[in-house]
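Each remark here refers to the structure printed beneath this line.
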Amino acid sequence: ELCSRVTSNSPILQASCQLESAGPHRRTASDTMESATRPAQAVGAQEAQAEAAPTRVVSLLGAATETLYRLGLDSKLVGRSHECDFPPQCLALPCVSRPRLDVDAPSKEIDMVVRGHSAAGESSYLLDPDQMATLGPDLIITQDQCRVCAVTPADVESSGRCANVRQLVLKPVTLADCIDAVSTIADVMGVHGRGVALRHTLESRMERIAELVAGVAPRARPRVALLEWCEPIMGCGYWIPELVSLAGGEALHCPPPGGATPTISFDALVASAPDIVVFALCGFGVTRSATEIQNAWGAAQIATLSRICHDRVFVVDGNYLVNRSGPRVVESAEALAEVIHPALLGHFGHFGTELLSTLRGALVLAGSGASTGRATIPPVPVSEVTPASAASFDVVGADAVDGASAPLPTLGPDAAVAAQLECMRADDMLRAFALNSAANQARWCAPERFEAVLKSHGDFKRLLAEPATVGAVAVTGGGRLATVVVSLPATAEASAVALLWTMVAEVPEVGAPVVWRTEKVGSG
């Protein structure tokens, strides 16, 4: 089904459409569990062909920047985002964006700031409108898959100066979408043949991975817990479970293909008894990852995990591999095949380099003072009078108000969760959908998609038919953020489950009272 479109009153080319579950759960620390997606298409192909091929491109997505270089179109690039750092030559291009957070802060602090931005419906990045205007692009490539990962179309439009410049909006959520994006970019740039050739190369390499894995894989696929973040602990989502599968493993702590990354607890990780654990911390190199894991978990938890996995715990460069949707998804699958199958360890040349190490080796390397990963100087964060953080943002949602004077919600977050559960059990999906936060509703797209994912996901499906217990509540962020534990008992067919509702206080419409709404749900 064709999801691409060019709006009649907007210069935006939509590369794919996908529904993000959110309801009752990153790629981000704040996005919700997402549902199945539709495949990406060659965006507005007929419309794009009717226009002259772009000659001045600003890429705000690292994967797109890399794709343009691989297509031999680097001469068309005139600007990049701060996240675009590969190939290294692109660093000579003017940078047009800055983060609204300190990328060198600890994992937990980064997560808190990102959650604050997301719950408030805000971006984690700002564009430099003057620089954009100076560059005079005739095409801006951005993404609408994750507002935490990169600059979004809304960020471009809100900047004002380039709101009328044509945008190619990519939305890769599955592995097929990542490969489709190569064709999409090539077609929009007027080099269809190059796109066909690059796509064929990538697909052939993935077929080779599958063939090699089939020759060495045990009858039962090794169970792999790939973690995208360490504090809080996050499983894997979007195209990453498919990478694990391609590499011959069974991904744990993940949604169906295309779904967003869930948050889990250490106890849930241990209880799942993975055969292999792979840390692929988003944006972090191997030594930075090792330092973050050590600081967040401590020696005791690391030892527990190593014992369960018989020391099969690995760290990959989460900036170079796994987390980007560009051509390097192939190298990512190769690296995962190396760690999943001992017979392939080092076969593709990744293990033993700065891209892939055992956790034990990474900890030794970090302890020696060595630093691996991106060699560029981290971008200076935007200085704001009131930076968003879990401690500073107040009422969030559809209509924010002055946090200093805004009243707290009358009903507690546990009552709001109970109300949503009651609507779900009564099959009143319109009301259940409405009890999600404004940002969460936008990620879901529609009540019908909300319902479809609930009925297709194992634990969420149980909430529609089984009595759940609303338990412990923790309120933070000046009374504007909360978590609520919801438990499902063990049955003859299923184990006991603990889910963690993240709630935000928001004003659903002008003049309405402050209420609690569901921002995401993950494993407790």
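All values below come from the heavy atoms of this structure, side chains included, with hydrogens, waters and symmetry mates left out.
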Any non-hydrogen side-chain atom of W239 less than 4.5 Å from a side-chain atom of V173? no
For S97 and H82, indicate whether the former's side chain and the latter's backbone hold a donor-acceptor pair under 3.5 Å. yes
Counting C-beta onward and ignoring hydrogens, is there a side-chain heavy-atom pair between W501 and Q420 closer than 4.5 Å? yes
Checking side chain to side chain contact (heavy atoms under 4.5 Å, CB included) against S437, which of V515, V504, T518 comes through? V504
Could you walk me through whether V417 and M503 pass the side-chain contact (heavy atoms from CB on, under 4.5 Å) test, one step at a time? CA-CA 8 Å; V417 171; M503 309 294 289; 3.6 Å; yes
Can a donor-acceptor pair be found between the side chains of N319 and R324 at a distance below 3.5 Å? yes
Within the structure provided, determine whether S245 and R221 are in side-chain contact (heavy-atom separation under 4.5 Å). yes
In this structure, are over 12 heavy atoms from other groups packed under 6.0 Å from E466 atom CD? yes
Is there a donor-acceptor pair closer than 3.5 Å between any side-chain N or O of H341 and the backbone N or O of A247? yes
Show your working on side-chain contact (heavy atoms from CB on, under 4.5 Å) between V330 and I209 and close with a plain yes or no. CA-CA 9 Å; V330 176; I209 295 169; 4.3 Å; yes
To the closest 0.5 Å, what do you measure between CG (L226) and OG1 (T261)? 9.5 Å
Would the distance check show the side chain of D111 and the main-chain N or O of K108 forming a donor-acceptor pair, the cut-off being under 3.5 Å? no
Set out, in order, the CA-CA distance, both residues' side-chain angles and the distance that settles side-chain contact (heavy atoms from CB on, under 4.5 Å) for L281 and E228, then state yes or no. CA-CA 4 Å; L281 305 190; E228 294 184 42; over 6 Å; no
Do you know which two heavy atoms are closest between V484 and G471, and how far apart they sit? CG1-O, 4.5 Å
How far apart are the closest heavy atoms of L252 and R223, and which atoms are they? CD2-NH2, 3.6 Å
Using modelled atom types only, decide if a donor and an acceptor are shared between the side chain of Q143 and the backbone of P172 within a distance under 3.5 Å. no
For the residue pair L269 and L227, establish whether any side-chain heavy-atom pair is separated by less than 4.5 Å. yes
Is the backbone of G318 close enough, under 3.5 Å, to the side chain of N323 for a donor and an acceptor to pair up by distance? yes
To the nearest 0.5 Å, what is the distance between CD1 on I233 and OG1 on T263? 10.0 Å
Say whether, by atom type as modelled, one donor and one acceptor occur between the side chain of W229 and the main chain of A280 under 3.5 angstrom. no
Does the side chain of T502 come within less than 4.5 Å of V521's, by heavy atoms? no
Pairwise side-chain contact, L355 with V316, heavy-atom cut-off 4.5 Å (strictly under): no
Measure across L321 and A335 and return the closest heavy-atom pair with its distance rounded to 0.1 Å. CD1-CB, 3.9 Å
Distance-minimising heavy-atom pair for L500 and T483: CD1-CB, 3.9 Å
Sidechain-backbone polar pair: S59 side chain, L61 backbone, donor-acceptor under 3.5 Å: yes
SG on C230 to CZ on F284, rounded to 0.5 Å: 7.0 Å
Do the side-chain N and O atoms of E506 and W516 include a donor-acceptor pair separated by under 3.5 angstrom? no
Between L464 and M429, is there a side-chain heavy-atom distance shorter than 4.5 Å? yes
Is there a donor-acceptor contact under 3.5 Å from the side chain of T372 to the main chain of V286? yes
From CG (D428) to CD (E451), nearest 0.5 Å: 10.0 Å
Once rounded to the nearest 0.5 Å, what's the spacing between atom CD1 of I302 and atom CG of L359? 5.5 Å
Donor-acceptor pair, side chain of T291 and main chain of T287, under 3.5 angstrom: yes
Aromatic ring centroids of Y320 and F86 under 6.0 Å? yes
If you apply the rule side-chain contact (heavy atoms from CB on, under 4.5 Å), what do you find for L365 with S357, and how did you get there? CA-CA 10 Å; L365 196 60; S357 170; over 6 Å; no
For the pair E66 (side chain) and G326 (backbone), establish whether a donor and an acceptor sit closer than 3.5 Å, ignoring hydrogens and angles. no
Salt bridge or not between R312 and D275? Use side-chain N to carboxylate O under 4.0 Å. no
Do the side chains of T469 and V486 get nearer than 4.5 Å, heavy atoms only? no
Looking at every non-hydrogen atom in both residues, tell me the closest pair between L60 and V96 and how far apart they are. CD2-CG2, 3.5 Å
What is the distance from atom NE2 of H253 to atom CD1 of I264, rounded to the nearest 0.5 Å? 4.0 Å
Of all heavy-atom pairs linking C84 and T65, the shortest is SG-OG1, 3.1 Å
Centroid separation under 6.0 Å, is that true for the rings of F279 and W297? yes
Going by atom types only, do E334 and H350 share a side-chain donor-acceptor pair under 3.5 Å? yes
Under 6.0 Å from the CZ atom of R425, do we count more than 12 heavy atoms belonging to anything else shown? yes
